[in-house]
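Inspection log for the structure reproduced underneath, given as structure tokens.
Here is how names work: the chains are called A, B, and so on, in the same order as the sequence lines, proteins then strands, and each is numbered from 1.
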Amino acid sequence: MSKFQTSIHEYLETLPEHTFNRLYQKPATCLAIFRLLPPLGKQIIMSCLYVDKPIPFNEMRLWFKDGAGITKQMEAMARLKALHVFTEQHNSYKMNPTFLQEFRNALTGGGNSESFGLATSTPDKHHVDIAFLDDYATKQWEAILHFMVGTTEGKPPCKGVLNLLGRSGLMTGGSNAQQAENMDAREFASQMARQDFGVPTITNKGFQFLLQDINTQVWAFLLQYLNMAESLNMDLVEVLTFFFQLGSLELGNDYSSEKLTPSQTHLLEDLKAYGIVYQRKRGSRRYYPTRLATTLTSGTPVMLGSHSNATKNAASAAAAVRKTEEEEEDGHGFIVIETNYRVYAYTDSPLQIAVLNLFVHLRDRFPNMVTGVVTRDSIRRALSNGITAEQIITYLSAHAHAQMRKHSPVLPLTVVDQIRLWEIEKNRLRAAPSWNYSQFNRQQDFESTLEYASELGVVQWSDSKRKMLCITQEGHQPVGAYVRKLITKHKEQQAQQQQQAHQHQQQQHHHHATSVHS
Amino acid sequence: MKDISTNDSNLLVMVIDTNPFEWEHPSAPLKLNEALQHILAFMNAHLAGRHDNKLAVIASHVGVRYNGKFLYPTPNEPIPGGKVPTKKDANAYQSFKVVNEAVLEGVERLLRDPKPTLEEKDLGSSKIAASLSLGLCYINQTLKLDALGHIKPRILVLTVSPDSSSDYIPIMNCIFSAQKANIPIDVCKIWGEDAVFLQQAAHITEGIYMRPNDPRGLLQVLMFSFLPDMFARSYLYLPGQDQVDFRAACFCHKKIVDIGFVCSVCLSIFCSFSPVCSTCRTKFAFQPLLNPARRLGAKAGVSNPGSPRPSTPTTPSQ
């Protein structure tokens, strides 16, 4: 499951039930949410879709194999319940009736919801082809990324984008949202670009953002937009419905914007700026989804810049398409990394070079490639920018050259291990809030406390020589109680011993004390 | 099936038996167009599962003219819903619609053709074997073109026709090819007697064989048992087969036999003894001592009935 799916999930799960009931009124939304589910979740829905009564718990249990199967079922059901697809009722699972109805409609093409995009009735005089749309989407999206890495390519993005960048914490400098809102776009941009405005314009989060694939980036943007939509008094359900609808549209076709609600029309304007949809001019009656839109819910990586049809239907399985698909595979990866930490990147895109520059020490630049080397310093620089080793490795393997892909594993192990080691090197200290127990008087007191605490699994650290141990915050309560019990027990014993000692005319001085420090 | 991950897309090749003699039989519990509605919903469910799930539909029709016909995709004809603008429907997901229209149209065209004659029916009921080989070829092609190797193929056969014993050898060949290529063959015998060969197909390729109790609940059966992909199957209990009918058909008269004669060189099966193997031309220079049924019962008593002498040891085949 890719990151964007997790993030949209997390977002959806925060929504209240009645929002879901409204969302599920559109078959397109049902389908999109269905696609975000784990595989067994999908299977559960499909198995129950044409059963008209609720499924008892123990009956559904029988579908799954013991052990791993049951675990998967639990995971899937937790997801489904969080999305309010299923509810529990009298020891059985009941499917949300709206979802049931509309998802059936999605499968059979019934109903009259018009949620899969209303086609225009007349042909477009200014029809644009897929190549143009790809070009448009690439230009718009890369302009944003260029702006983030601070290259001078392209014109600065418009105010809405800048606002979003600031709000989402991807860039600092004028990130004071209210202030930014009142500012003219150019003014804002120049302010961001000005040297005296604080040196890094891009934040740690922004660096991480750059390393992710386009799909994740787009979703991150859209989620941020959703958060903003609430403050802009836009209807959340309409915005979400429109996002999911975009994902079901077909690339290269035009759709009518006539039946859109006012907030959706407003949304269209904004999406145009990100390159997600194309409109010839403001207020035009038709719009074209770009590849960024049509792959929103698919989870497949978007390959911008190559003009072949990734969302093709199987009908175009003709050899010609196949060929371009292969070319696409080739064109997608451009990085070669060797066991000697040298990096060769076949690219002339300033954006990709700028991203590589985040963690590679670049050496030479040629018309169609750059070379560099991954060093401890270059990685440490990236790490101190908040980028994790895992993100670097994912980026490298996602953009590995076709030649690299022939090997398994794709990246040389030495390099991967070393990058991880460099990260671990940086994280030698780990801070955790805890309670320190010390000054146990007797070794056996210490040991029984330690035993008790490790049974609970709350020991952070212990040293039996110095009779000290650290307990996590959750463990403080029970362990503290245990120690207090020990003390009182000893006191009683002591009192007894004193009595005996008194009889034997002997005096013993025992002092048991266990102090608790925070 | 070594590495099944959640990231794999599925290629489902469906072989639909459109044998008009069975579908239009008065005792048929389900009409073809009703069944098609179920099947179309199932196809959509498969396509809904993942954005990159792929589908191919092959009709297996009766008659010498048809050796299995692709309903979807249709490579040689103008593509419906392609660049030629078809009327779009805002209520339906476009890629579902394209498939559904292609399949419906294809079936309609098949049925519009003159009905095959009765002789053709006897000649070989439904060309399941031909469709299976088409399907296997298609899978092979798709897998070869898939550079990343993330496509998991499987075949689903929906059949109503009885076994045609003349199909035995081609079907067996398909089964073993599928087994070698790790392609499970699922079989749904919608009604009627168990299909012996297809049952074996499912058994050998580790697919699922099922004969629903009530054919009118076809969709539920399809959704429940045949929809899970290879990933989901490793976590689910799915219908298994208690008993598999392993009977074979003889090569000489295409009869299904329990016990027969087997050529010791090429393993061809015969229902009656012949001195020369019709497949590999091996000559048998002995007479069978007993008839096969009794021999099986008294096999302990029989010792070394003689070994065959291939007439042309170096090149036994023609």
Side-chain angles (χ1 to χ4, degrees), chain A residues 1 27-28 31 34-35 38-40 42-43 46-47 49-51 62-65 68-73 103-119 123 248-250 252-253 255 259 295 297-300 311 313-319 322 325-326 329 402 405, chain B residues 6-7 9 37-38 40-52 54-56 72-76 79-83 85 87-100 102 138 141-142 145-148 217 219-220 223-225 227-229 231-232 234-238:
Chain A
M1 172 155 295
L31 185 63
F34 174 79
R35 282 205 170 143
L40 284 164
K42 293 177 189 168
Q43 185 53 44
M46 285 301 188
S47 296
L49 194 60
Y50 287 91
V51 180
L62 294 178
W63 301 351
F64 293 88
K65 289 186 182 161
I70 296 287
T71 334
K72 288 272 174 191
Q73 184 216 355
F103 192 58
R104 280 186 189 177
N105 277 341
L107 286 189
T108 54
N112 192 29
S113 60
E114 299 187 336
S115 64
F116 289 100
L118 194 63
S248 72
L249 300 183
E250 221 182 342
N253 282 326
Y255 293 89
K259 287 222 174 145
T295 46
T297 49
S298 68
T300 48
T311 54
N313 45 41
S316 50
R322 289 264 167 64
E325 215 176 35
E326 271 167 45
E329 290 303 331
R405 285 179 196 278
Chain B
T6 40
N7 287 327
S9 64
Q37 291 310 317
H38 292 213
L40 290 180
F42 171 73
M43 286 173 185
N44 292 343
H46 169 73
L47 291 174
R50 282 179 64 90
H51 179 266
D52 43 4
K54 290 188 171 60
L55 181 74
Y72 180 87
T74 45
N76 301 324
I79 301 152
K83 283 301 124 208
K87 207 173 157 287
K88 274 199 292 292
D89 181 1
N91 292 322
Y93 187 46
Q94 198 58 22
S95 50
F96 293 171
K97 201 159 173 264
V98 172
V99 179
N100 292 6
Y138 182 79
Q141 186 194 22
T142 315
L145 288 169
D146 169 44
L148 298 173
L219 181 56
Q220 180 57 25
M223 289 283 206
F224 195 85
S225 307
L227 188 63
D229 57 12
F231 175 76
S234 48
Y235 298 104
L236 292 168
Y237 285 119
L238 288 163

task: Check the pair B:F224, A:Y50 against side-chain contact (heavy atoms from CB on, under 4.5 Å), reporting the backbone distance first and the verdict last.
output: CA-CA 10 Å; B:F224 195 85; A:Y50 287 91; over 6 Å; no

task: Against chain A, label B:L47 side chain, backbone, both or neither, depending on which of its atoms sit under 4.5 Å from a heavy atom there.
output: backbone

message: What part of B:L40 gets within 4.5 angstrom of chain A, counting heavy atoms only: side chain, backbone, both, or neither?
response: neither

- prompt: Is a side-chain donor or acceptor of A:K42 paired with a backbone partner of B:G49 at a separation under 3.5 angstrom?
  reply: yes

- request: Report the C-alpha separation of A:L107 and B:M223 in whole Å, then their side-chain angles, then the decisive distance to 0.1 Å, and conclude whether the side-chain contact (heavy atoms from CB on, under 4.5 Å) test is met.
  value: CA-CA 12 Å; A:L107 286 189; B:M223 289 283 206; 3.9 Å; yes

Side-chain donor/acceptor of A:Q73 to backbone N/O of B:L236, under 3.5 Å: no

- prompt: Which bit of A:A106 is near chain B, if near means a heavy-atom gap under 4.5 Å: side chain, backbone, both or neither?
  reply: backbone

statement: Residues passing the side-chain contact (heavy atoms from CB on, under 4.5 Å) test with B:A56, sequence neighbours excluded, are B:V13, B:F70, B:P73, B:Y138

message: Heavy-atom cut-off 4.5 Å, strictly under: side chain, backbone, both or neither for B:F96 against chain A?
response: side chain

statement: Of all heavy-atom pairs linking B:A45 and A:M46, the shortest is CB-CE, 3.3 Å

query: Do the side chain of B:Q37 and the main chain of A:T108 share a donor and acceptor less than 3.5 angstrom apart?
result: no

- prompt: Of the backbone (N, CA, C, O) and the side chain (C-beta and beyond), which part of A:L249 lies under 4.5 Å from a heavy atom of chain B, both, or neither?
  reply: neither

query: Does B:A48 offer a backbone N or O that forms a donor-acceptor pair with the side chain of A:R35 under 3.5 Å?
result: yes

field: Nearest-0.5 Å distance that lies between atom NZ in A:K65 and atom OH in B:Y235
entry: 10.0 Å

statement: Bottom line for A:F64: the part with an atom under 4.5 Å from chain B's heavy atoms is both

